[in-house]
Amino acid sequence: MAGSTYGVDSEVGRLRTVMLHRPGNELRRLTPRNNDKLLFDGIPWVGRAQDEHDAFAQTLRDRDVEVLYLGELLTESLDHPEARHQAVAGATEDLRLGDTLRDYLRAYLGDLDPGALAEALMAGVRNDEVHSGGLVTSLLAHEDFLIDPLPNLLFTRDSSVWIRDSVAVTSLAMPARMRETQLTELIYTFHPRFAGADKVYDHQLEHVEGGDVLALGPGVLAVGVGERTTPAGVERLARRVFAKGLAHTVLAVPIAQQRATMHLDTVCTMVDTDAVLMYPNMAEEMRALAVTTDGEELHIAAPEPFLVAAAKALGIDTLRRIDTGLDPVTAEREQWDDGNNTLAVAPRVCIAYERTVETNARLEESGIEVVRISGSELGSGRGGPRCMSCPVLRAPLTP
């Protein structure tokens, strides 16, 4: 990765470039009627969420991190005619639309300039915002969405993940999020910034979500298996990264499904080359199956405690475990508030929400510098600093 403009071989190498999405009108589309369907626990105060996100981005810039914005990259990608064609086709394939409305929407979207088209793709299109004829629009309420908004774009970690110098455009499991990766794929296919970038996965394959993928160290991935990432997805990803020489071990980590534990990074994040922040209420139960290959077949090891399997794969004696909170009740509260979802910007330096007071204190007691940010509104979608960031370039831990 030396001299590259993209590449990630660990969770903690010094962060150089990151992709974020500044919350916008897609969040203003959330209502008490649709927020559950769109996977939000509450209705965020959008202006405050934007202020918090701007402060997050500035915190990264203050650490010499280049910040890319998904919305800007998408707009620039839509200058390409084929990108526009694919974007419009993907947004209008919903069977609920019917032929008359689909044809109208394709013409309507096709006439928009790249900025307006990007906005429509992200914020959605309501029935009362177009003037199509036909039975479908006549029978829908004015406020019904013809193209659903994508409020979870805020969590850029999930729709793509860099594995060394290849990008995995992921396959999101929940219907409310499936279109996100179509947009991400457009960016990696048509934006000049990523010209020639190798893809190791795409959104039409088995379900894998970026929040479940942790680069524990060079050549070692841990992938959570649960509500969002399927066993078949882990198997497909393992075959592909092995074939390209991007990893030698993939740890499949089953996650006991509880509320707010949808991804591996909601219970476990790396804060140093040999230190992991873990949710103690689940840590003792977490197991991992090491997946390796002989070049032809996959080999699946017997389940082992997660920290044991991870240390073996990394070739070190042990991984230091730092627990969320001070007791089971505090740990549960702070895990709910994304206390485990830290973003390392360098070894022993991480960004965390300021509200997870006890967890942040435990990190500092363990020699980790904690850069605190506000997240009272950003957290309404159940995601912390790691969820909100897709590292595009980190300094390599290997020469």
Side-chain angles (χ1 to χ4, degrees), residues 11-12 15 18 20 23 39-42 44-45 48-49 51-60 62-63 65 152 154-158 210-212 214 224 255-256 258-272 275-284 286 306-307 319-389 391:
E11 292 291 313
V12 299
L15 188 58
V18 69
L20 308 181
L39 310 179
F40 267 68
D41 285 321
W45 176 6
R48 178 62 57 83
D51 290 343
E52 291 173 351
H53 196 273
D54 290 343
F56 174 43
Q58 189 57 49
T59 296
L60 289 164
D62 291 344
R63 297 275 170 166
V65 179
N152 293 282
L154 173 64
F155 306 121
T156 56
R157 174 73 61 160
D158 290 332
D212 277 319
L214 274 63
I255 305 170
Q258 303 173 11
R259 204 168 173 209
T261 60
M262 75 286 288
H263 289 135
L264 181 58
D265 69 3
T266 62
V267 296
C268 171
T269 47
M270 297 281 291
V271 290
D272 197 2
V276 61
L277 174 65
M278 293 191 74
Y279 179 38
N281 297 11
M282 293 176 62
E284 299 299 334
M286 283 179 62
F306 170 70
L307 293 180
L319 274 172
R320 293 186 291 138
R321 171 179 144 187
I322 304 168
D323 285 347
T324 319
L326 292 169
D327 59 75
V329 172
T330 304
E332 185 175 0
R333 285 174 54 86
E334 298 215 349
Q335 187 273 336
W336 173 259
D337 283 337
D338 303 300
N340 292 91
N341 197 254
T342 59
L343 171 67
V345 293
R348 298 177 298 284
V349 183
C350 71
I351 298 176
Y353 281 149
E354 62 185 357
R355 66 190 180 197
T356 54
V357 175
E358 300 294 349
T359 300
N360 294 342
R362 296 293 287 273
L363 286 165
E364 290 176 330
E365 290 168 4
S366 300
I368 308 300
E369 178 185 350
V370 179
V371 182
R372 293 165 172 80
I373 62 169
S374 176
S376 60
E377 297 302 312
L378 290 175
S380 60
R382 302 267 62 86
R386 187 181 193 273
C387 285
M388 294 189 296
S389 56

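One is the number of the first residue; the rest follow in order along the sequence.
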Interatomic spacing from [atom1] in [X] to [atom2] in [Y] - rounded to 0.5 Å:
X      : Y      : atom1 : atom2 : answer
Asn152 : Asp158 : CG    : CG    : 8.0 Å
Ile255 : Tyr279 : CD1   : OH    : 13.5 Å
Glu369 : Asn360 : CD    : CG    : 12.0 Å
Leu264 : Leu214 : CG    : CG    : 5.0 Å
Leu363 : Arg348 : CG    : CZ    : 13.5 Å
Glu358 : Thr324 : CD    : OG1   : 11.5 Å

Donor-acceptor pair between Asp62 and Gln58 side chains, under 3.5 angstrom: yes

Qualifying residue, where the test is side chain to side chain contact (heavy atoms under 4.5 Å, CB included) with Thr269 and the options are Glu11, Met278, Arg386: Arg386

Audit row: Thr356, Thr342, side-chain contact (heavy atoms from CB on, under 4.5 Å) steps and yes/no: CA-CA 11 Å; Thr356 54; Thr342 59; over 6 Å; no

Keeping the roles fixed (side chain from [X], backbone from [Y]), state whether a donor-acceptor pair exists under 3.5 Å.
X      : Y      : result
Thr156 : Met388 : yes
Arg157 : Ser389 : yes
Asp265 : Asn341 : no

Heavy-atom closest pair, residues [X] and [Y]:
X      : Y      : answer
Pro385 : Ala352 : CG-CA, 4.0 Å
Tyr353 : Gly384 : CE1-CA, 3.6 Å
Leu343 : Phe56  : CD2-CZ, 4.2 Å
Met270 : Ala344 : O-CB, 3.9 Å
Ala275 : Leu319 : N-CD2, 4.0 Å
Val18  : Val65  : CG1-CG1, 3.8 Å

Arg321 atom CZ, neighbour heavy-atom count above 12 within 6.0 Å: yes

Ion pair Arg355/Glu52, N-O distance below 4.0 Å: no

Minimum side-chain heavy-atom gap Leu15-Arg63 below 4.5 Å: no

Heavy-atom check, side chain of Val371 versus side chain of Val345, under 4.5 Å: no

Arg320 and Asp272: CA distance, side-chain angles, deciding distance, salt bridge (Lys or Arg N to Asp or Glu O under 4.0 Å) verdict: CA-CA 9 Å; Arg320 293 186 291 138; Asp272 197 2; 3.2 Å; yes

